[in-house]
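Presented below is the structure to which this report refers.
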Amino acid sequence: METENSYDVRGRQSGIFRLYGFDNEGLVHMIFYRIAVFAALLLAAAIIIGFAFDGQPFTPYSKVLVLIVWILFTPQLFETGKAMSIIATRGIVFGRLNESFLKYGVKMKGMYKIYRSVPYIILMMWAAGFVGIWYLWFV
């Protein structure tokens with residue numbers, strides 16, 4: 001198979017700040033994702049060290065790191081819920097479609113309101129889990 005040279009119109013993937021001008025959600029997603037990778041590595045090290053020296057994986061340091069990773073994972077979860085809504089509605093919900101197309105070419109369904117709220121419902125459940133785990137561990 002021949003290798004073809006292709007050009008990615010989005011630009012270099014390492015330069016995430018290129019998203020600043022047109023996709024702030026994408027920028028937050030990428031920044032949190034990149035920080036979460038290192039935080040997850042620190043969490044893994046803290047769990048291994050805690051298990052090796054204290055006999056339990058959840059030391060106070062690893063608990064704090066779990067909560068940090070929890071926070072850093074939040075934009076990924078939101079974007080996943082948003083993507084599921086976009087896929088389920090074929091781009092109607094959260095899409096950047098022409099207003100005249102939306103007005104005359106799309107039959108709006110009641111389910112679209114539910115699909116629009118899916119990412120926010122997921123975030124509320126995620127936040128409730130965060131508060132619950134924080135309460136169990138630190139109060």
Side-chain angles (χ1 to χ4, degrees):
M1 180 177 208
E2 260 184 62
T3 59
E4 296 180 20
N5 291 333
S6 62
Y7 176 72
D8 190 354
V9 295
R10 299 172 297 175
R12 295 184 352 243
Q13 295 301 305
S14 62
I16 61 172
F17 290 105
R18 65 186 160 60
L19 298 171
Y20 178 71
F22 62 92
D23 190 7
N24 291 332
E25 278 184 23
L27 178 63
V28 169
H29 170 78
M30 290 303 296
I31 289 172
F32 276 54
Y33 175 75
R34 291 185 180 186
I35 295 170
V37 169
F38 294 109
L41 290 172
L42 289 174
L43 173 61
I47 288 174
I48 291 169
I49 290 169
F51 193 66
F53 293 111
D54 287 344
Q56 61 176 345
F58 292 114
T59 63
Y61 297 112
S62 63
K63 288 179 181 180
V64 169
L65 283 169
V66 165
L67 293 178
I68 289 171
V69 169
W70 193 294
I71 292 168
L72 290 172
F73 191 70
T74 302
Q76 278 59 261
L77 196 66
F78 177 79
E79 293 298 328
T80 301
K82 190 173 174 182
M84 289 185 330
S85 294
I86 290 171
I87 292 167
T89 62
R90 297 184 189 144
I92 303 300
V93 174
F94 297 112
R96 294 187 178 107
L97 302 173
N98 187 336
E99 289 296 324
S100 65
F101 174 72
L102 288 174
K103 186 174 181 181
Y104 299 111
V106 174
K107 183 178 179 183
M108 296 303 278
K109 299 177 184 175
M111 283 296 291
Y112 290 167
K113 291 180 183 177
I114 295 172
Y115 283 121
R116 186 175 291 278
S117 64
V118 164
Y120 303 103
I121 292 169
I122 291 172
L123 278 184
M124 288 187 325
M125 291 172 28
W126 188 251
F130 177 82
V131 170
I133 202 167
W134 177 78
Y135 181 78
L136 287 173
W137 279 350
F138 297 108
V139 175

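Heavy atoms only: backbone and side chains are in, while hydrogens, waters and symmetry mates are out. Everything numeric in this text was worked out from a predicted model, so none of it was measured.
Here the closest non-hydrogen pair linking V118 and G81 is CG1-O, 4.2 Å. A pairwise comparison of heavy atoms in V28 and P75 identifies CG1-CG, 4.1 Å as the closest pair. For the pair L72 and A39, the tightest heavy-atom approach, listed with the atom from each and the gap, is CD1-CB, 3.8 Å.
Shown here are the ring-ring contact (aromatic ring centres under 6.0 Å, His included) partners of Y120, two or more places apart in sequence or in another chain: F78. Applying the ring-ring contact (aromatic ring centres under 6.0 Å, His included) rule to Y61 yields no partners; only residues at least two apart in sequence or on another chain are considered. Residues passing the side chain to side chain contact (heavy atoms under 4.5 Å, CB included) test with L43, sequence neighbours excluded: I47, S62, L65, V66, V69. By the ring-ring contact (aromatic ring centres under 6.0 Å, His included) test, F51 pairs with no residue at all, sequence neighbours left out.
Sorted by first and then second residue, the side-chain hydrogen bond (donor to acceptor under 3.5 Å, both in side chains) pairs involving residues 129-139 (not counting sequence neighbours) form an empty list. Residue pairs meeting the side-chain hydrogen bond (donor to acceptor under 3.5 Å, both in side chains) criterion with at least one partner in residues 39-49, sequence neighbours excluded, do not occur; the list is empty.
If you chain together hydrophobic residues whose side chains sit under 4.5 Å apart, L77 and Y33 never meet in one group. At a threshold of 4.5 Å between side-chain heavy atoms, the hydrophobic network of Ile, Leu, Val, Met, Phe, Trp and Tyr places F58 and I49 in two separate groups. F130 and I35 fall within the same hydrophobic cluster, defined by Ile, Leu, Val, Met, Phe, Trp and Tyr side-chain heavy atoms under 4.5 Å apart, directly or through other members. Under a hydrophobic-cluster definition in which Ile, Leu, Val, Met, Phe, Trp and Tyr are linked whenever side-chain heavy atoms come within less than 4.5 Å, directly or via other members, V37 and F32 are assigned to different clusters. Hydrophobic clustering of Ile, Leu, Val, Met, Phe, Trp and Tyr side chains at less than 4.5 Å, counting indirect connections, unites M84 with F73.
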Residue pair R116, K113: steps toward the side-chain contact (heavy atoms from CB on, under 4.5 Å) verdict: CA-CA 5 Å; R116 186 175 291 278; K113 291 180 183 177; 5.6 Å; no
Audit row: W126, T74, side-chain contact (heavy atoms from CB on, under 4.5 Å) steps and yes/no: CA-CA 8 Å; W126 188 251; T74 302; 3.0 Å; yes
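Atom CZ of F53 has 12 or fewer neighbouring heavy atoms from other residues, nucleotides or ligands inside a 6.0 Å radius.
A distance of 7.5 Å separates NE2 of H29 from OG1 of T80, quoted to the nearest 0.5 Å.
Using a 4.5 Å heavy-atom cutoff, the side chains of K63 and L67 are not in contact.
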